[in-house]
Amino acid sequence: MALNPTGPASARTPDPGGAPVQMLACGRDAALVWDHAEAGVLDEHERTCPHCRSTVSDRDSLGGLVGRMAAQPLRPPPNVLEQVMGAVVADLRPHDLLVLAPGASLSRPAAAAALRHIVDSMDGLRARSCRIEQERPAPDPAPDGTDATIALPLRVTVTVAARFGVDLASVTARVRQMMISAGERALGVPVARVDIHVVDVWDEREDR
Amino acid sequence: MSSPGSSAPPVRYHVADLAVARIAARRARAVPSVVGLRADLSQTLLGLAGTWLNPDPVPPDLRAEGVTVAVHGDRADVRVTVVTELGPNCRELALTVQGEVARAVREATGLDATVQVTIADIELP
């Protein structure tokens, strides 16, 4: 594509915008040199003159840069989607919190995800869902002298699928102990009750 | 010439919400087991816009996304939303952040800070 009308440099005067064309020190029009370089028709002067060669070099470097940038797929920074979605979810559920202490709270979905992960890490088990409820505070805070800074206990309901052949009775005992331990150690909240529903069994051979 | 005490002009001291937020965010990020701060939706969008549009972006150490502050006289209400990892005790972590942020704000500004901490997410291995 020609950048400027072709023709002898001497015939080229002001460009369509009215500004005079700034010639190279050797008297050539830089735009014309670009056109010649693009068309592969550089004359002897343009191939040897340092000013023209610099102009050709400029064109080559810009062409390379533009080509590389144009070839790059447009991508947002890697964590933009994650940031926005995390913020959207947080804004949609601003009150879905467990109370850890006065002025300290924990996202209920985050706590449930942590407990599900712990079940998933147990041999022969996969967590399907986990629901956490917290006892409501008394209307009159600590009327009986109990420590108001202690988190109120949780009730955890977890549904699991167990590997075929796993002793389901022992599964419930293991999950119950894990939930109680994880609640107190990882979340910092006592677990008062754990309901476990084994909703399915799976065969490891099916996974292969 | 009057004594320096009687000639001293009255000084009004006020700390902006943003200044307190930067102090609180910096301290909260430094608490062990805090993986990061979680901005709300408006802070996230403003932060992204600032990253792309501002030629002189705020250094990471001074970013205040995840902290909202309201200064009232000599008090500051601070809300900090953090992300942690699975393992540390969330309740102890929240109480640590509460105490550390309140102390940092008091030391730097003289304001009494009431700090509310929310753990928004637990990063899983």
Side-chain angles (χ1 to χ4, degrees), chain A residues 74 76-121 127 130 132 134 147 149-154 178 181-191, chain B residues 24 28 31 33-52 57 60 63 65-66 68 76-102 112-125:
Chain A
L74 282 176
N79 57 355
V80 166
L81 182 62
E82 193 179 324
Q83 284 180 48
V84 172
M85 287 310 297
V88 168
V89 170
D91 269 28
L92 287 176
R93 292 190 279 197
H95 303 299
D96 204 0
L97 300 172
L98 303 171
V99 177
L100 300 174
S105 49
L106 167 65
S107 158
R108 192 190 308 262
L115 295 184
R116 277 200 310 273
H117 177 80
I118 288 166
V119 173
D120 280 339
S121 68
C130 179
I132 303 176
Q134 189 170 32
D147 186 354
T149 63
I150 294 176
L152 293 166
L154 306 179
M178 283 293 271
S181 177
E184 292 182 352
R185 289 187 186 180
L187 306 182
V189 188
V191 176
Chain B
V31 173
S33 302
V34 170
V35 174
L37 304 184
R38 171 66 58 83
D40 63 20
L41 184 56
S42 60
Q43 287 177 328
T44 299
L45 296 178
L46 286 172
L48 290 171
T51 302
W52 287 333
R63 297 185 73 133
E65 287 93 343
T68 55
D77 292 330
V78 182
R79 300 180 70 92
V80 184
T81 305
V82 304
V83 176
T84 185
E85 56 195 348
L86 183 60
N89 185 302
C90 289
R91 182 172 177 274
E92 289 176 8
L93 175 67
L95 294 175
T96 302
V97 173
Q98 240 180 359
E100 293 286 327
V101 168
D112 283 328
T114 303
V115 182
Q116 298 229 349
V117 178
T118 300
I119 298 176
D121 203 0
I122 302 172
E123 286 195 354
L124 304 174

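Below, all heavy atoms of this structure are taken into account, side chains as well, without hydrogens, waters or symmetry copies. So that the names make sense, note that chain A is the first sequence line, chain B the second, and so on, each numbered from 1.
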**Prompt:** Of all of B:Thr114, B:Asp121, B:Leu124, which one pairs up most often with chain A through heavy atoms under 4.5 Å apart?
**Reply:** B:Leu124
**Request:** Any chance you could measure B:Ile119, atom CD1, to A:Leu98, atom CG, to the nearest 0.5 Å?
**Result:** 10.5 Å
**Request:** Tell me, out of A:Ser107, A:Gly103, A:Ala104, who's got the most heavy-atom pairs with chain B below 4.5 Å.
**Result:** A:Gly103
**Message:** Can you tell me which residue among A:Leu106, A:Val99, A:Leu100, A:Leu187 is in a side chain to side chain contact (heavy atoms under 4.5 Å, CB included) with B:Arg91?
**Reply:** A:Leu100
**Prompt:** chain A contacts: which residues in residues 79-88 of chain B have a non-hydrogen atom closer than 4.5 Å to it?
**Reply:** B:Leu86, B:Gly87, B:Pro88
**Asked** Taking every heavy-atom pair that is under 4.5 Å apart, which of B:Thr118, B:Asn89, B:Val115 has the most such pairs with chain A?
**Response** B:Asn89
**Message:** Quick check: closest heavy atoms across B:Gln98 and A:Pro102, and the distance to 0.1 Å?
**Reply:** NE2-O, 3.1 Å
**Message:** Please classify the contact between B:Glu92 and chain A as side chain, backbone, both or neither, with a heavy-atom cut-off of under 4.5 Å.
**Reply:** neither
